[in-house]
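To start, the structure under review is shown below, and the notes come after it.
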Amino acid sequence: MRRYSRIIGTGAALPARAVGNDELARELARRGVETSDEWIVTRTGIRQRYLAEDGLTTTLLGARAARAALADAQCEAKSIDLLVVATSTPDQIFPSTACLIQAELGTAGGAAFDVQAVCSGFIYGLTVADALLRTGRYQRALVIGAEIFSRILDWNDRATCVLFGDGAGAVVLEASEEPGILAARLHADGSQAAILCAGGRLDNGRVTGDPFLRMDGQAVFRLAVHVLGESALEVLAEAGLTPAQIDWLIPHQANVRILNATARRLGIPTERLVVTVDRHANTSAASVPLALDAARRDGRIQRGQHVLLQGVGGGFTWGSVVVRF
Ligand code: UT7
């Protein structure tokens with residue numbers, strides 16, 4: 001008997017405060033930073049982002065998304081024996097955000113750890129959880145992408161600070177005889193580390209290095225379009241599917257131009273492309289599970305359909321997962 005893993009529930013959590021482009025532009029103008037709704041919408045498709053209030057943590061956002069996914073799956077937290085969190089904005093150096101979320105959910109005993117693959121983090125986490133469930137050693141996993149990127153943004157750098165938002169998304173993944181995850185592939189190219197990084201670190205009680213996110217937008221854009229196309233074809237071949245058989249394409253939500261270019265390259269009509277970057281902006285590891293949850297809850301994704309999930313980001317990292325719902 002072949003073993004698979006299946007997504008049986010999804011959930012999302014966003015901070016209370018949505019900040020539109022005009023409001024953000026006014027706030028930035030007070031610092032002498034010039035931008036506009038027109039520039040942000042035309043270059044990225046972003047219209048608003050959610051920004052965390054003081055006191056909100058990655059752990060709390062991740063736990064909220066996890067609870068929503070558990071409710072959707074009609075599971076109890078104590079049935080989870082594997083908890084994987086993708087984040088680049090952990091609340092502490094250690095313990096892992098996964099351990100902190102496990103405590104927040106009031107469970108103990110299962111495995112819990114973080115994966116760090118920046119905006120590809122959820123795809124990395126989902127692939128690792130799928131592999132562990134298929135070994136037969138684990139039965140039910142929570143995979144969470146949770147980020148508070150607003151705290152590592154340089155609000156004087158208009159080329160990056162308008163692009164990101166905060167949030168968390170989660171899925172419950174269960175071992176099953178029925179597929180499930182059909183194929184998954186991960187990649188990285190560490191030689192491209194400098195094009196998207198946050199280089200700060202703690203050093204003898206002080207923060208040293210640059211504590212803010214830095215990005216060479218054009219280099220990331222070019223590489224993202226290239227690897228998303230290649231990665232999609234690779235994983236579809238592994239699943240024995242053609243792009244025409246994909247019902248919903250959910251790439252990492254960084255820029256609507258990257259999303260459209262990927263859909264075009266695969267010959268997937270934009271009606272089958274899930275876009276949430278307009279509402280959430282780029283939420284790094286949270287973007288794919290947030291988009292997945294939105295498309296499930298509004299009834300677009302139906303049982304039996306094929307969904308292609310894709311991540312790309314700092315590292316440089318990328319990967320794709322094909323799921324049958
Ligand atoms: O999550 C990981 C993946 N991340 C991504 O995929 C991001 C990939 N990159 C991008 O999405 C795009 O490269 C950006 C949205 C970051 C930038 O778009 P672009 O079309 O590549 O613009 P650009 O960097 O070439 O900048 C064009 C102009 C520049 O002015 P000049 O030099 O032409 O006079 C910038 O200074 O736009 C200017 N600019 C802005 N203007 C108003 C840059 N940021 C802003 C801004 N408001 N916020």
Side-chain angles (χ1 to χ4, degrees), residues 19-49 86-89 116-124 145-150 152-167 169 187-189 192-198 212-231 250-263 265 275-278 280-291 309-320:
V19 180
N21 290 344
D22 281 327
E23 185 184 348
L24 184 66
R26 278 195 300 276
E27 280 179 19
L28 291 174
R30 278 186 226 115
R31 300 169 163 262
V33 176
E34 199 188 317
T35 189
S36 65
D37 173 60
E38 201 262 329
W39 189 94
I40 301 170
V41 171
T42 327
R43 301 281 177 145
T44 70
I46 295 166
R47 293 183 181 277
Q48 64 166 35
R49 74 284 296 134
T87 187
S88 299
T89 47
Q116 164 44 303
V118 201
C119 303
S120 310
F122 180 77
I123 299 299
Y124 266 66
E147 303 276 21
I148 302 191
F149 256 53
S150 60
I152 58 165
L153 296 176
D154 176 355
W155 293 98
N156 294 310
D157 175 14
R158 67 177 184 174
T160 54
C161 72
V162 302
L163 304 176
F164 294 88
D166 305 328
H187 297 281
D189 177 359
Q192 301 296 327
I195 65 173
L196 179 47
C197 59
F212 295 119
L213 176 152
R214 301 293 174 202
M215 179 168 75
D216 175 345
Q218 291 194 0
V220 171
F221 191 103
R222 278 193 302 274
L223 209 50
V225 171
H226 175 70
V227 299
L228 286 173
E230 297 289 297
S231 169
I250 310 186
H252 169 51
Q253 307 281 314
N255 186 323
V256 79
R257 287 154 55 208
I258 298 177
L259 301 185
N260 287 333
T262 305
R265 177 156 173 206
V275 178
T276 49
V277 68
D278 53 337
H280 301 154
N282 183 345
T283 57
S284 186
S287 91
V288 170
L290 276 171
L309 307 173
Q310 299 197 278
V312 60
F316 209 70
T317 54
W318 65 97
S320 299

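Numbers here are sequence positions counted from 1. Ligands are counted one by one from 1 in listed order, and the atoms in each one are counted from 1 as well. Below, all heavy atoms of this structure are taken into account, side chains as well, without hydrogens, waters or symmetry copies.
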- Query: Would T283 and E147 count as having a side-chain donor-acceptor pair, cut-off 3.5 Å?
  - Reply: no

Identity and separation of the nearest protein heavy atom to [atom]:
| atom | result |
| --- | --- |
| atom 43 (C) of ligand 1 | W39 CZ2, 3.4 Å |
| atom 36 (O) of ligand 1 | R158 NH2, 3.1 Å |
| atom 9 (N) of ligand 1 | G217 O, 3.0 Å |

Under 4.0 Å from [atom], is there any protein heavy atom?
| atom | value |
| --- | --- |
| atom 16 (C) of ligand 1 | yes |
| atom 34 (O) of ligand 1 | no |
| atom 39 (N) of ligand 1 | yes |
| atom 21 (O) of ligand 1 | yes |

Contacting atoms of ligand 1, where contact means under 4.0 angstrom from a heavy atom of [X]:
| X | result |
| --- | --- |
| A254 | 3 (C), 4 (N), 5 (C), 6 (O) |
| R257 | 18 (O), 20 (O) |
| Q218 | 13 (O), 21 (O), 23 (P), 25 (O) |
| V162 | 48 (N) |
| A159 | 44 (N) |
| C119 | 1 (O), 2 (C) |

Do [X] and [Y] have side-chain heavy atoms sitting under 4.5 Å apart?
| X | Y | answer |
| --- | --- | --- |
| F149 | S88 | yes |
| N21 | E38 | no |
| H187 | V227 | no |

Would one find an N or O of [X], backbone or side chain, under 3.5 Å from an N or O of ligand 1?
| X | value |
| --- | --- |
| S36 | no |
| R43 | yes |
| L163 | no |

- Item | Sidechain-backbone polar pair: T317 side chain, G314 backbone, donor-acceptor under 3.5 Å | yes

- Query: Sub-3.5 Å donor-acceptor pair from the side chain of E230 to the main-chain atoms of L228, do we have one?
  - Reply: no

- Query: Heavy atoms only: which of F164, F221, W318, F316 is nearest to atom 12 (C) of ligand 1?
  - Reply: F221

Calculate, to the nearest 0.5 Å, the distance between atoms [atom1] and [atom2] belonging to [X] and [Y] respectively.
| X | Y | atom1 | atom2 | result |
| --- | --- | --- | --- | --- |
| I152 | S284 | CD1 | OG | 7.5 Å |
| N282 | T276 | CG | OG1 | 10.0 Å |
| I195 | L223 | CD1 | CG | 5.0 Å |

